[in-house]
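Only this structure's heavy atoms are used, side chains among them; waters, hydrogens and symmetry mates stay out. Letters go in sequence order (proteins before strands), and every chain restarts at 1.
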2 protein chains.
Amino acid sequence: MQKYSSSKENYLKAIFHLQKSDGVVTTNDVANELQTRPASVTDMLKKLKAQKLLIYERYKGFKLSQEGRKVALQIIRKHRLWEYFLVEKLEFGWDEVHEIAEELEHISSKKLIDKLDEFLGFPKTDPHGDPIPDSQGKFTLVKQVDLLHLPVGKSGDVSGIGDQSPEMLELLKHKQISLGTRIEVKKVFAFDNSLEIKVRNQNVVTVSEHVAKNVFVKYDE
Amino acid sequence: MQKYSSSKENYLKAIFHLQKSDGVVTTNDVANELQTRPASVTDMLKKLKAQKLLIYERYKGFKLSQEGRKVALQIIRKHRLWEYFLVEKLEFGWDEVHEIAEELEHISSKKLIDKLDEFLGFPKTDPHGDPIPDSQGKFTLVKQVDLLHLPVGKSGDVSGIGDQSPEMLELLKHKQISLGTRIEVKKVFAFDNSLEIKVRNQNVVTVSEHVAKNVFVKYDE
DNA sequence: AAATAAATTTAGACAAATCTAAAACATAAT
DNA sequence: ATTATGTTTTAGATTTGTCTAAATTTATTT
């Protein structure tokens, strides 16, 4: 695998993520995601095409090539492994690691990341519950149900967070909800779809529909 | 501490190192050290001066400012802590970590490096025996001498090998001496200047004067 | 289908870091 | 002290990634 500039890697990663959620990606989407201008995106699309990382025809849209997807997955692998390292080994809060991982993900050594993976015990998900691609770019999709769809009375383990904004993460931290936390839905208020939930089999707290929709859990049956 | 480009950081680091060894640093030295051209160095000197990281007057030479030295020391701190991490935690060989650390040293988070320091147990020297500056940029100066001049009773870390012939390396390997190995001189026999040394705080072995003259160690004070 | 709006691309510019070739300066040698 | 040598700097160009403003293409409305 060749080396690409940090900027190119960021474009590939952004396009990959946008493809996952939207299906179709637009120049504007990318500009918005990367906090830049549409004209800059167009410029970069041409460069990515020239390097065969992207299938692109002017005005007709674009998508990652096989190679582009492969590169994107390796960046994501690095990002998530570093996040895991920061939280599990350096004891960072899970809400403060994203920014640092944005830098670390561009360190190029493949051997470094494979040794880091081994050192960490080959974790399958990062601190936010997102799956970590393996050395070949493969990863197991995790089945997740959002809190709103966890049946009342059932308990589940938090396995992922949708909205990972600092504000959301701060709220979850305050309510002591993190990855792996056991949660039981006690009551759903039809009025506003707010929930009363029991956290860690201990304290009962209330969360809004917005929060519930962005907390994913795994549960038996 | 502000953030500077990787390129600027590399210049500061190079100038710092050249100041240490030569005393006086020249444009050519820096160009040589950084594998670049003298004209490029001059360009950068002007930029570093504009940011008050360098005292510089055209044709009259230059040296780091207080601030420049401070920044350089923080880069060196990061470089050496990452090297320590790579060798001690990820089990890299001491001879393969430099290049990777050259990238890692430019990761900006101060909190990251302080937490890494803590995670590693506040090591005082890197795998090559070079001192790691603390969070304030302070570090204990180390002396480098050949084994024959390491005071009896003092411990030092192997930092270099003079004669690197295969025969010498084979001997050192057999006695389990490599770069970074801790050695304490137990006794010097006046008869032939042969030494009894304790290796890795464990086994005591004997080496000839010829060997001792070609093994260099660094030690505090 | 024509007009309007929105998205996308081009054209031309800029900053950072580098380069080559030529000019300016300093040093050493006769 | 003048010349020869070597070092350092300037001038002008290049590359990468970005920008603004204008032009072009596509989509939406009426």
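- Screening residues 8-52 of chain B for ring-ring contact (aromatic ring centres under 6.0 Å, His included) gives no qualifying pairs among residues at least two apart or on separate chains.
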When you check every protein heavy atom under 4.0 Å of nucleotides 8-17 of chain D, what one-letter string (B, S, -) results, 5' to 3'? BBB------B
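- Evaluation of the side chain to side chain donor-acceptor pair (under 3.5 Å) rule for Glu67(B) yields no partner, not counting sequence neighbours.
- One can place CG of Asn32(A) at 16 Å from C1' of dT8(C), the figure rounded to the nearest angstrom.
- Rounded to an integer number of Å, the gap from Arg37(A) CZ to dC19(D) C1' is 8 Å.
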Report each atom pair, protein N/O against N/O of nucleotides 2-4 of chain C, whose distance is under 3.5 angstrom.
none

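- Lys89(B) forms a cation-pi arrangement with Phe119(B), by the criterion of a distance under 6.0 Å to the ring centre and an angle within 45° of the ring axis.
- With sequence neighbours left out, the side chain to side chain donor-acceptor pair (under 3.5 Å) criterion links Ser108(A) to Glu103(B).
- Residues passing the side chain to side chain donor-acceptor pair (under 3.5 Å) test with Ser6(B), sequence neighbours excluded: none.
- Within the structure, salt bridge (Lys or Arg N to Asp or Glu O under 4.0 Å) contacts touching residues 116-129 of chain A (residues at least two apart or in different chains) are Arg77(A)-Asp117(A), Arg80(A)-Asp126(A).
- Remark: C1' of dT18(D) and CG of Asn10(A) are 14 Å apart, rounded to the nearest angstrom.
- Residues passing the side chain to side chain contact (heavy atoms under 4.5 Å, CB included) test with Asp95(A) are Leu169(A), Lys173(A), sequence neighbours excluded.
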Run the side-chain donor-acceptor check on residues 26-44 of chain B: report pairs under 3.5 Å with partners two or more places apart or on a different chain.
from	atom 1	to	atom 2	distance (Å)
Thr26(B)	OG1	Asp29(B)	N	3.1
Thr26(B)	OG1	Asp29(B)	OD1	3.4
Thr26(B)	OG1	Asp29(B)	OD2	3.2
Asp29(B)	OD2	Thr26(B)	N	3.3
Thr42(B)	OG1	Pro38(B)	O	3.3

